[in-house]
Amino acid sequence: MEPEAKWNGSSDQVEFSRMSPRSQGFTKLPGQKTCGKSVLLFTFVLLISAALWGTLLFLFITRYQEIVQDLGKLRESCVYHNDSGILTVIGQLQETQLNLKTNVPQLSKTLNKLQEDQTTLKSKASQFSQQLNRFEEDGTAFRSQVLNEKNTATQAREKLQEEIQKLWIEFQRANGSICTKCPENWQVFQKKCYFFGKEPKTWAQAKYACINLQGRLVSIKSREEQVFLNRNANKKGSWIGLRDLDIEGIFLWMDGSSLNYTNWGRGEPNNQGQGEDCVAMRGTSGLWNDANCRGQQDSWICEKLATC
Ligand code: MMA
Ligand code: CA
């Protein structure tokens with residue numbers, strides 16, 4: 001249905017006649033039929049929209065209830081789980097507490113016992129330490145005693161050998177024999193044989209070298225014997241059988257005899273440096289000097305009795 005109304009005068013009114021029927025509703029007074037249709041349309045639209053809104057509301061309420069139910073379930077399950085977990089933990093803790101409470105007196109007893117044991121062990125340790133000290137002291141005393149006894153025994157043996165040799169001489173003299181026999185490389189002088197060592201040695205090494213040759217370090221008893229030795233000992237220094245090992249300043253011969261004849265150099269014996277307890281005879285002059293036993297002399301003189 002085309003709008004037919006025409007307004008007199010202006011072109012605007014002519015243009016208006018070409019406009020859509022909807023736009024014309026506000027400007028042109030509608031007829032009875034057109035108004036009824038619009039109300040119907042409006043009602044229809046309203047109903048549709050109400051139905052849509054109702055559906056939406058229904059959906060929303062349904063979903064809301066579901067969510068509320070789910071939340072309730074979730075809360076229930078959470079509370080159930082949490083409570084039971086916490087209760088279990090609390091139960092365990094209470095049990096542990098109870099156990100600890102029961103164990104405390106036992107632990108305290110054990111601690112006391114341990115402290116007592118520690119005290120006992122400490123006193124035992126100190127006793128052991130004292131005993132150990134005593135053993136060590138005893139050991140040292142025993143060792144020095146053994147050494148002393150060994151020295152005494154060595155001296156006694158040397159004295160005995162000397163006595164035997166003297167008796168042997170007496171026996172030969174009583175038989176009227178002249179004893180001048182010496183082993184090879186030994187030199188005879190007045191019933192004694194002498195060996196002049198060639199290698200440097202300490203006093204102790206020289207002493208054992210003589211013992212190995214069935215002799216001993218020489219004991220010089222007279223001016224004649226000294227002169228004989230001077231002639232034969234052509235080295236710078238030779239160990240002789242004189243030493244003051246036991247008592248400082250008291251010199252004794254290896255054969256046990258005392259010191260009657262001496263031939264000390266000027267100012268000797270002087271026990272110089274760290275101590276000089278062994279005697280050496282200087283070459284050519286033959287003068288005696290106390291020297292360090294651990295030092296070396298380039299020669300040494302052994303003696304033994306000549307055989308018949
Ligand atoms: C050396 C040594 C001593 C000795 C003096 C003499 C320096 O020491 O052989 O035993 O008494 O010489 O001067
Ligand atoms: Ca000296």
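Remember, it's 1-based here, ligands and their atoms both numbered in the order they're listed.
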Inset, instruction - Kindly give the atom name of the N, O or S atom of Glu268 closest to the Ca ion (ligand 2). - result: OE1

Inset, instruction - Do me a favour and list the nearest non-hydrogen protein atom to atom 9 (O) of ligand 1 with residue, atom name and distance? - result: Asn289 ND2, 3.1 Å

Legend entry - Among the N, O or S atoms of Glu276, the one nearest the Ca ion (ligand 2): OE1

Inset, instruction - Could you tell me the residue and atom name of the protein heavy atom closest to atom 13 (O) of ligand 1, and the distance to it rounded to 0.1 Å? - result: Glu268 OE2, 4.6 Å

Inset, instruction - Carefully, step by step, assess Phe251 and Asp277 under the rule side-chain contact (heavy atoms from CB on, under 4.5 Å). - result: CA-CA 8 Å; Phe251 286 87; Asp277 296 334; over 6 Å; no

Inset, instruction - Kindly report the OD1-the Ca ion (ligand 2)-OD1 angle for Asn289 and Asn270 respectively, rounded to 10°. - result: 140°

Legend entry - Pair Gln296-Trp239, side-chain donor/acceptor within less than 3.5 Å: no

Legend entry - Nearest neighbour in protein (non-hydrogen) for atom 3 (C) of ligand 1: Glu276 OE2, 3.2 Å

Legend entry - NZ/NE/NH1/NH2 to OD/OE distance under 4.0 Å, Arg134 and Asp138: no

Inset, instruction - Please check if any side-chain donor atom of Ser257 sits under 3.5 Å from a side-chain acceptor atom of Lys221, or the reverse. - result: yes

Legend entry - For Asp290, atoms of ligand 1 separated by under 4.0 Å from a heavy atom: 10 (O)

Legend entry - Minimum-distance protein heavy atom relative to atom 7 (C) of ligand 1: Gln272 OE1, 3.4 Å

Inset, instruction - Taking all heavy atoms of Met254 and all of Ser219, pick out the closest pair and write down the distance. - result: N-OG, 4.2 Å

Inset, instruction - Indicate yes or no: does an N/O atom of Arg282 lie under 3.5 Å from an N/O atom of ligand 1? - result: no

Inset, instruction - Using atom types as modelled and distance alone, determine if a side-chain donor or acceptor of Thr154 lies under 3.5 Å from a backbone N or O of Lys150. - result: yes

Inset, instruction - Indicate whether any N or O donor in one side chain lies under 3.5 Å from an N or O acceptor in the other, for Gln155 and Asp246. - result: yes

